[in-house]
Amino acid sequence: MSIEARNIKRAFGDFIAVNDVSLEVASGELVALLGPSGSGKTTLLRIIAGLETADSGQILFHGEDATDSGVAERRVGFVFQHYALFRHMTVYENVAFGLRVKPRHLRPARDEIRDKVLALLKLVQLDWLADRYPHQLSGGQRQRIALARALAVEPKVLLLDEPFGALDAKVRKELRAWLRRLHDEIHITSLFVTHDQEEALEVADCVVVMNEGRVEQIGTPEEVYDRPATPFVYQFLGDVNLFHGRVYDGRARIGDWEVPVPEGLHVDNDKAVVYVRPHDLEILAASDDRDALKAVVTQFATIGPRVRIDLKRVDSGETIHAEINKDRFLELQIGAGDQVSVRPRRHRLFGAAAA
Amino acid sequence: MAIFFTRRHSVLPGFGLALGFTLAYLSLIVLIPLSAAFIKTATLSWEQFWNSVTAPRAVASYQLTFGASLLAAAINAVFGLIVAWVLVRYSFPGKRLVDALVDLPFALPTAVAGIALTALYATNGWIGQYLQKWGIKVAFTPLGVLVALVFIGLPFVVRTVQPVIEDLEAELEEAAATLGASRWQIFARVIFPTLMPALLTGFTLAFARAVGEYGSVVFIAGNMPMVSEITPLIIITKLEQYDYAGATAVAVVMLVASFVLLLLINYLQWLSRKRNPSK
């Protein structure tokens, strides 16, 4: 079952939460809606679920207009950041809830409900917790129960609002790998909201990057990370260094370093900004200064197999962050105060207007 | 005693002092006056005690007092819940005023409430004259007692349930809606069980207040022996006849009955709390 949003707009007073957003989720896909807080991603998800109404635009499920259908008619499974489990019900009763509230003629028999709930609890690997109450479970367990509860009514699509946002880092990592496996198992069209870029890149088939109510880029995790469409995506997905320079005759000059302006970008005799990720910076001995920037190491920190180095440009005094592996760092034999040359391996140039 | 050893491990200071103060204060304010009632009663022989507490007039008054109080608390639980719900969930002009009005029965001297209600419901009163045509008599009947008790008990339910409704997570209702529950099912299966402990507390408070209510009831009840005479009035009457021991005997019956009922409601509350922990 595919999901399509067409030109969705939603404002809260003067604040435009979702500004003319269109997106499509193909059947069976797992898509991440990624953006900083206030980017409109949760509002969009709630509009798709029918928990919120759009000021204009259309929502389609499997090509059929569902804009005016109520929450129940849309048959979406919704998972909330803070689980929203019913506290006065056991885990079993929580999962059975959606089946028990069905109209009498559609309601499965008691035994059927029982079989189904137990099967779902097995699916989320928590069948041994059936008789507990939510407050007796850990956060990760609660969220898995919430997921089982949402799946009980056999939703056509699954919508997850920051599903791992309230969990600690380790559990979050485990659960997102688990969600990926679960999705590979049941193939339900899923859309999840997150502000954690790592989570989006790791779990999703496709990432929709949102900012200030608009879609910045839609693409596979590789595409959005390696080929960001806008400076915002560059900065939001991972760390980045900004180098400000000027463009003359089709080449941008940043200190002693020169880069060609890509075709199709018409910037001339104007400011430009070059974006370089810390791990795309090469650190060289100071003597190797051809087509490189001179910088002084101010401090460094070893994090496992990687070393993060803070440098200060000799010409402008701006700070540069670089990340290299430990072997290379030891090979260079550098420390705080030493001068080195810095050369980007990969970069991307945007006109000053875009940045 | 084990409990006294735990203070060594407690990070809270002043355990001994705080406990001592609490016990002394409770004794002074609550236990000593209550035990005085028991001691005074003990001056009666068993037979005298039995005769005064089982006098037909007294028994009829117990039925009226406890029956009307329970019924009034139940009515307040239902309508108080609705009032609290409307005050939290909807916004309408004059909401703050309505919200303030709820407290009026708290603040109003009970005698004023009693006189006002009597004036309204008497056969020639604003409301009473119309009810009269339907053959309904409120003032000077047990129904009048009920009306007065409903009036004074309302704020207890509203004020205990209101904050809980305010704290209800909208997500719970949304989750239920996405699972296909109808509005009624959401209320009955999700919201109501969450409100139950607070509602029971409100019920208990309204009931306790109603059992002890005197001022507002004596005016509207008419105080006909065997029909509309409440137990507190019996006590007053006995006192006025200098039958102090007889008065305390009836008081003791009331005390024990109230205590047992409150204990029972507390047990129910404990049950529903156990099933519905706050987090």
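Sequence lines set the chain letters: A, B, ... in the order given, protein chains first and strands last, and positions in each chain run from 1.
- Around atom NZ of Lys95(B), more than 12 heavy atoms belonging to other residues, nucleotides or ligands sit under 6.0 Å away.
- By the neighbour-count criterion of 12 heavy atoms within 6.0 Å, atom CZ of Phe79(B) is sparsely surrounded, having that number or fewer from other residues, nucleotides or ligands.
- Under a cut-off of 6.0 angstrom, the local environment of CG in Asp131(A) is sparse, with at most 12 non-hydrogen atoms contributed by other residues, nucleotides or ligands.
- In the displayed structure, Arg100(A) atom CZ is contacted under 6.0 Å by more than 12 heavy atoms of other residues, nucleotides or ligands.
- The 12-atom threshold is not exceeded at CZ of Arg110(A), counting heavy atoms of other residues, nucleotides or ligands nearer than 6.0 Å.
- To the nearest 0.5 Å, atom CD1 of residue Ile186(B) and atom CZ of residue Phe97(A) are 7.0 Å apart.
- Within a 6.0 Å sphere centred on CZ of Arg89(B), heavy atoms belonging to other residues, nucleotides or ligands number more than 12.
- For Ala146(A), no part lies under 4.5 angstrom from a heavy atom of chain B.
- Dense packing is recorded around CZ of Phe92(B), with more than 12 heavy atoms of other residues, nucleotides or ligands lying under 6.0 Å away.
- Heavy atoms only, all atoms of each residue included: Phe86(A) and Val190(B) are closest at CE2-CG2, 3.7 Å.
- The interface of residues 49-78 of chain A with chain B, defined by heavy-atom distances below 4.5 Å, comprises Leu51(A), Val71(A), Ala72(A), Val76(A), Phe78(A).
- No side-chain heavy atom of Met196(B) sits less than 4.5 Å from a side-chain heavy atom of His88(A).
- Counting heavy-atom pairs closer than 4.5 Å to chain B, the top residue among Gln81(A), Lys102(A), Arg46(A) is Arg46(A).
- Rounding to the nearest 0.5 Å gives a distance of 7.5 Å between CD of Glu171(B) and CG of Asp161(A).
- Interface remark: Leu99(A) contributes no atoms to any contact with chain B (heavy atom separation under 4.5 Å).
- Minimum heavy-atom separation, Gln185(B) to Val101(A): NE2-O, 2.9 Å.
- More than 12 heavy atoms of other residues, nucleotides or ligands lie within 6.0 Å of CZ in Phe106(B), so this atom counts as buried by the packing criterion.
- Ranked by heavy-atom pairs under 4.5 Å with chain B, the first of Ala84(A), Pro103(A), Gly98(A) is Ala84(A).
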